[in-house]
S.K.: 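Following this message is one structure expressed as structure tokens.
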Amino acid sequence: MIKANKGKRFQQAVDAVEEFLKKAKAKELAKELAKEHNSSDEKGKKSEGKAKKQTGEKRRKSSDTSSHSPQKRSRDQSPRKRGRPPKDDKDSLSPQPSSLKKLAMKTVSRFSWPPPSSEDNLGSDSWLIHGHRTLGTEMILKKPSVTYQAITKRLKISEEDSGSTSIQAADSTAINGNIVPTDKKIGFLGLGLMGSGIVSNLLKMGHSVTVWNRTAEKKTTGGFHSELWDEDESTKCELFIQEGAHMGRTPAEVVSSCDITFACVADPKAAKDLVLGPSGVLQGIRPGKCYVDMSTVDPETVAELAQVIVSRGGRFLEAPVSGNQQLSNDGRLVILAAGDQGVYEDCMSCFLAMGKTSFFLGEVGNAARMMLILNMVQGSFMATIAEGMTLAQVTGQSQQTLLDILNQGQLANIFLDQKCQNILQGNFKPDFYLKYIQKDLSLAIALGDSVNHPTPMAAAANEVYKRAKALDQSDNDMSAVYRAYIH
């Protein structure tokens, strides 16, 4: 594995593994040398005993020579005389220094590690980071079989514990729980379904966090719009304060008092208002301040936010997350990052706390595009699940049996099972708001239109979600799209 591309904790882990292997091989080498030395001593003693015995036999034979027949005498004088010490035994009486040196050199040469890759490669345009770092192709190719088996065994144990079959997930699982939190002050704006779980995990892992949240409730009184605090949201902030967080009065105050500020809000409009609005993020940006937008928005919005942040001397990273409320609470989100690579590195302890895997995708906008594609696939799949469940019902088939069959086939997965269970139980408590998946489908369709690429499946699914919204299902889970088929 290339340690140069890894975090500090991972480097320490690799160093510990190498040290363990060196000590183990040193012990093994010592045992081999001791065994060889003991065997040499035993062979020497046996050879000496044989030599004395053969000398006595020769003396006895020489005294009886006159009584031996010619046939006996010729047999005794043959080159294959019994009792002659083997040539190998003579050579093994004392181990030669050269043989010991060869054994030692052989052992050391078997455990030569490939040199770390040049740090110059980190700036390559094709650099794609998986599992919080790139895994080098030299990982197994140049290792001895015993080392490969040991690594495979370790990964298998981690795989059984985490339920994951990916090296990235096993790596993150091994690191999570032993995270060294950054000494930078962290700000977080937005405590919705995803943000709440993220902040909770940041605090659990020892980060210093300042939070801010709002619910924009528009009311018209005499033609004026007023923005009111929601009591539940205020209480939510207080709960995090009890866990050790600080509370900021405005986004500008949070940004000015923190080194890195994360934001996770609902849609492009909310993301822009947060940055450009009164007492917004932009007013708190100073040279060197870092702003990380974790919202799922369109590439154009991300580019606009990046431009205004950088124009004030700030540093920008987009980092939308793939997952749901449960994965957020469990710290197992997938983070897609793009923009300032230095900010990505500075955020590493935060990403380790909140997610199981992170990817760096290059220039600003790439993460937004990838996130919309992922949610387009997920939203379309959910609509298909709902369509299949309703078709089973109207044709007299058991929905539970359909789920049982699906769970035994190639489509079996946690998402499918959870959403079908929601439908069977009629429980649509939000884990991922229906209104947000519909928003992402609309943005994905627009993304396709921008490059003249057809998205007919997403367009059809989007219409079903729009019908579900008309049936007042916006604030339910995305699986409530099922109700669009039964009304």
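If you're wondering where the values come from, they're calculated on a predicted model, not measured in any experiment.
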S.K.: Under 3.5 Å, side chain of R483 to main-chain N/O of D472, donor-acceptor pair present?
M.R.: no

S.K.: Just how far is it from atom SG of C290 to atom CD1 of I285, taken to the nearest 0.5 Å?
M.R.: 8.5 Å

S.K.: Scan for salt bridge (charged side-chain N to carboxylate O under 4.0 Å, His left out) pairs involving residues 187-198, sequence neighbours excluded, and state none if there are none.
M.R.: none

S.K.: Any salt bridge between D267 and K439, counting N to O under 4.0 Å?
M.R.: no

S.K.: For the backbone of L361 and the side chain of N366, can you confirm whether one donor and one acceptor N or O come within less than 3.5 Å of each other?
M.R.: yes

S.K.: If you take all heavy atoms of L336 and M370, which pair is closest and at what distance?
M.R.: CD1-CG, 3.8 Å

S.K.: Are the side chain of S380 and the backbone of M376 linked by a donor-acceptor contact shorter than 3.5 Å?
M.R.: yes

S.K.: Might you point out which heavy atoms bring A245 and V211 nearest each other, and give the distance in Å?
M.R.: CB-CG1, 4.3 Å

S.K.: State plainly whether the residues D477 and K429 are in salt-bridge range, i.e. N to O under 4.0 Å.
M.R.: no

S.K.: Distance-only, no hydrogens or angles: does the D293 side chain make a donor-acceptor pair with backbone N or O of Y291 under 3.5 Å?
M.R.: no

S.K.: Please answer whether the main-chain N or O of N324 pairs with a side-chain N or O of S328 as donor and acceptor at a distance below 3.5 Å.
M.R.: no

S.K.: Do any N or O atoms from the side chain of S322 and from the backbone of V334 form a donor-acceptor pair under 3.5 angstrom?
M.R.: no

S.K.: Measuring from S450:OG to L443:CG, what's the distance to the nearest 0.5 Å?
M.R.: 11.0 Å

S.K.: Can a donor-acceptor pair be found between the side chains of Q400 and D404 at a distance below 3.5 Å?
M.R.: yes

S.K.: Is a side-chain N or O of R332 found less than 3.5 angstrom from the main chain of N329, in a donor-acceptor match?
M.R.: no

S.K.: Would you tell me whether Q393 and Y485 have side-chain atoms, one donor and one acceptor, within less than 3.5 Å of each other?
M.R.: no

S.K.: Count the heavy atoms belonging to other residues, nucleotides or ligands that lie under 6.0 Å from NZ of K185, then report whether that count exceeds 12.
M.R.: no

S.K.: Parallel, tilted or perpendicular: which one describes the rings of F351 and F262, with boundaries at 30° and 60°?
M.R.: perpendicular

S.K.: Drop me the distance from M205's CE to L352's CG, to the nearest 0.5 angstrom.
M.R.: 9.5 Å

S.K.: Ion pair present between K356 and D330, side-chain N to carboxylate O less than 4.0 angstrom?
M.R.: no

S.K.: Out of curiosity, I186 CD1 to S208 OG, how far, rounded to the nearest 0.5 Å?
M.R.: 8.0 Å

S.K.: Check whether N422 reaches the backbone of S479 with its side chain - one donor and one acceptor, N or O, closer than 3.5 Å.
M.R.: no

S.K.: Does atom CD of Q307 have more than 12 heavy-atom neighbours, drawn from other residues, nucleotides or ligands, at distances under 6.0 Å?
M.R.: no

S.K.: Atom CZ in F432, atom CG in L327: separation rounded to 0.5 Å?
M.R.: 11.5 Å

S.K.: Could you measure the distance from the CE atom of M294 to the CG atom of L333? Nearest 0.5 Å is fine.
M.R.: 7.0 Å

S.K.: Okay, side chain of E318, backbone of G365: is any donor-acceptor separation there less than 3.5 Å?
M.R.: yes

S.K.: If the test is side-chain contact (heavy atoms from CB on, under 4.5 Å), which one of T296, V297, V302, D273 qualifies with P268?
M.R.: V297

S.K.: Would D346 and T182 count as a side-chain contact (heavy atoms from CB on, under 4.5 Å) here? Give the steps.
M.R.: CA-CA 8 Å; D346 290 342; T182 178; over 6 Å; no

S.K.: Would a distance-only check, ignoring hydrogens and angles, find a side-chain to backbone donor-acceptor pair under 3.5 Å from S295 to V265?
M.R.: yes

S.K.: Does a side-chain N-to-carboxylate-O contact under 4.0 Å join E463 and K466?
M.R.: yes

